[in-house]
Number of protein chains: 2
Amino acid sequence: MHSITEENYLKAIYTLQGNGDGLVSTSDLAKALGVQPASVTDMVKKIVKKKLITYLKMKGVRLTEKGKLAAIAIIRKHRLWECFLVNKLGFKWDEVHEVAEQLEHVQSEQLIARLDEFLGFPVADPHGDPIPDANGVFSEPPSFPLATLSAGGKGKFVGVIDHSPAFLTYLDKIGLALGDLIKVKMVEEFDKSLTILLKNEKSIMVSFKVANNLLVS
Amino acid sequence: MHSITEENYLKAIYTLQGNGDGLVSTSDLAKALGVQPASVTDMVKKIVKKKLITYLKMKGVRLTEKGKLAAIAIIRKHRLWECFLVNKLGFKWDEVHEVAEQLEHVQSEQLIARLDEFLGFPVADPHGDPIPDANGVFSEPPSFPLATLSAGGKGKFVGVIDHSPAFLTYLDKIGLALGDLIKVKMVEEFDKSLTILLKNEKSIMVSFKVANNLLVS
DNA sequence: TATATTATTTAGACTTGTCTAAATATAATG
DNA sequence: CATTATATTTAGACAAGTCTAAATAATATA
Ligand SMILES: [Mn+2]
Ligand SMILES: [Mn+2]
Ligand SMILES: [Mn+2]
Ligand SMILES: [Mn+2]
């Protein structure tokens, strides 16, 4: 149906587009895909012909409804594969992304349907990212960065914003895992760093930067 | 490392080459890959540069040791994925080949090692085809076509030669499954068809063509 | 052996996806 | 407003992989 390259363009546009339906610039897309802006301009013209995106010259691109559904389908596959790798094969959460980038392009409706069932219809991947259903519908629980809480505030750690292996292994190291209940003990005025309390009574200190990349609900 | 196309060429050459180290002709390869002979000639020259095959103009190609190992690695992946699809996801043995053709090209040593472990280090795929180990070594149990047995002969059904969905679903229909013990009750002189006895006392008749595609040991 | 048939390679072209260098449009600055 | 800097597109090229049509080599046949 769509080439792997096309799928990667759609996915990149989807994530850059965010919730808003804003235009995505050629150069942002180029940066995200690791290609030159000129290559993006060429490719974009081809994808427009398939009615997956609209393109305003010198302004940027935007997914059509058809393109958005295609992008979500790929994200669904990516996240289901990440669940498989972590929950069934014993991968760590910082090791799965690259492999899932390949697996997400395997074409088989049946495969994904059965994988979903095999995994017990998970609603979030190992990073807490929501998994859309087969119709592309997300049932996203509202979440916000830990950094927005003040002293005394509580939340459950449900996801990360930064997905880099560096950040993920850091969280492993300080013993913070998805699902943990967090209570903010203190917020340092000077650098906005937080002292947080986990349910195992352990108290740890995290920088503002870290707290800003932890999603709680 | 190698492109998907290159991998498919290596795999096709390996299976056409068989046990013997005979040369594989351009046109046989073209037929197997579903491309024109002229395309094969072009592609072959590129693969030669990577020292994966040797090529004698007007004669054919042959895998180098390096090429043979590469081909076996892909076959290993293909068969492990087929095990996964059947044993874990509940696919039927006639439904897995196409999906495995895609999954076999996913690049990750770790993925295959962990999948192998997850599956319990299987030695054969759902069609009875042997799975080489990580070093490319097969521990193939000797087998032969059921048709070579005469009346009174016994064997265990361990594999198929014909892998077509049509043949596989036919076997399902007559109730013949991998691992079944088979006793040859009678061989019809006229058309060489066999009457065979399964361990559940059921007696069934199979044509010579079918018996020739059933491997027993 | 000469001729017809089949197998294989060469030549030239096309598609996909990418690149660099140059041209053009937009935004920022004085 | 004129100039400079940045963003974007166009032009021309390239590699991978394929194709068709034509040329050449090998095989079969008379
Ligand atoms: Mn990921
Ligand atoms: Mn993820
Ligand atoms: Mn197969
Ligand atoms: Mn098989």
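All figures in this text were calculated on a predicted structure; none of them were measured in a lab. Chain naming here is simple, since letters A, B, ... match the order of the sequence lines and numbering starts at 1 in each. Just so it is clear, the values below take in all heavy atoms, side chains as well, and ignore hydrogens, waters and symmetry mates.
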Whole-Å distance between [N] [atom2] and [X] [atom1]?
{"X": "A/Met43", "N": "C/dT16", "atom1": "CE", "atom2": "C1'", "result": "7 Å"}
{"X": "A/Leu29", "N": "C/dT18", "atom1": "CG", "atom2": "P", "result": "11 Å"}
{"X": "A/Lys49", "N": "C/dG17", "atom1": "NZ", "atom2": "C1'", "result": "14 Å"}
{"X": "A/Glu7", "N": "C/dT16", "atom1": "CD", "atom2": "C1'", "result": "15 Å"}
{"X": "A/Ile4", "N": "D/dA16", "atom1": "CD1", "atom2": "P", "result": "17 Å"}
{"X": "B/Leu33", "N": "D/dT18", "atom1": "CG", "atom2": "C1'", "result": "12 Å"}
{"X": "B/Glu6", "N": "D/dA16", "atom1": "CD", "atom2": "P", "result": "9 Å"}
{"X": "B/Gln36", "N": "D/dA22", "atom1": "CD", "atom2": "C1'", "result": "14 Å"}

Checking side-chain polar atoms at under 3.5 Å, does B/Asp125 have a donor or acceptor matched by the opposite partner on B/Trp93?
no
Could you go over nucleotides 9-14 of chain C and give all protein N or O partners under 3.5 Å, atom names and distances?
| residue | atom | partner | partner atom | Å |
| --- | --- | --- | --- | --- |
| C/dT9 | OP1 | B/Tyr55 | OH | 2.3 |
| C/dT9 | OP1 | B/Met58 | N | 3.0 |
| C/dT9 | OP2 | B/Thr26 | OG1 | 2.7 |
| C/dT9 | OP2 | B/Thr41 | OG1 | 3.0 |
| C/dT9 | O5' | B/Tyr55 | OH | 3.4 |
| C/dT10 | OP1 | B/Lys57 | NZ | 3.1 |
| C/dT10 | OP2 | B/Lys45 | NZ | 2.5 |

side-chain N/O B/Ser3 vs D/dA16 OP1/OP2, d < 4.0 Å
no
Contact under 4.0 Å: A/Tyr9 side-chain N or O vs C/dT18 OP1/OP2
yes
Sequence neighbours excluded, the answer for side-chain contact (heavy atoms from CB on, under 4.5 Å) partners of A/Ala30 is A/Pro37, A/Val40
What's the spacing between A/Leu80 CG and A/Asp116 CG if we round to 0.5 Å?
5.0 Å
Which label fits B/Trp81 and B/Phe84: parallel for a plane angle under 30°, tilted from 30 to 60°, or perpendicular past 60°?
perpendicular
Assess whether atom NZ of B/Lys11 is packed by more than 12 heavy atoms of other residues, nucleotides or ligands within 6.0 Å.
yes
Applying ring-ring contact (aromatic ring centres under 6.0 Å, His included), which residue pairs with at least one partner in residues 51-79 of chain B are found, sequence neighbours left out?
B/His78-B/His97
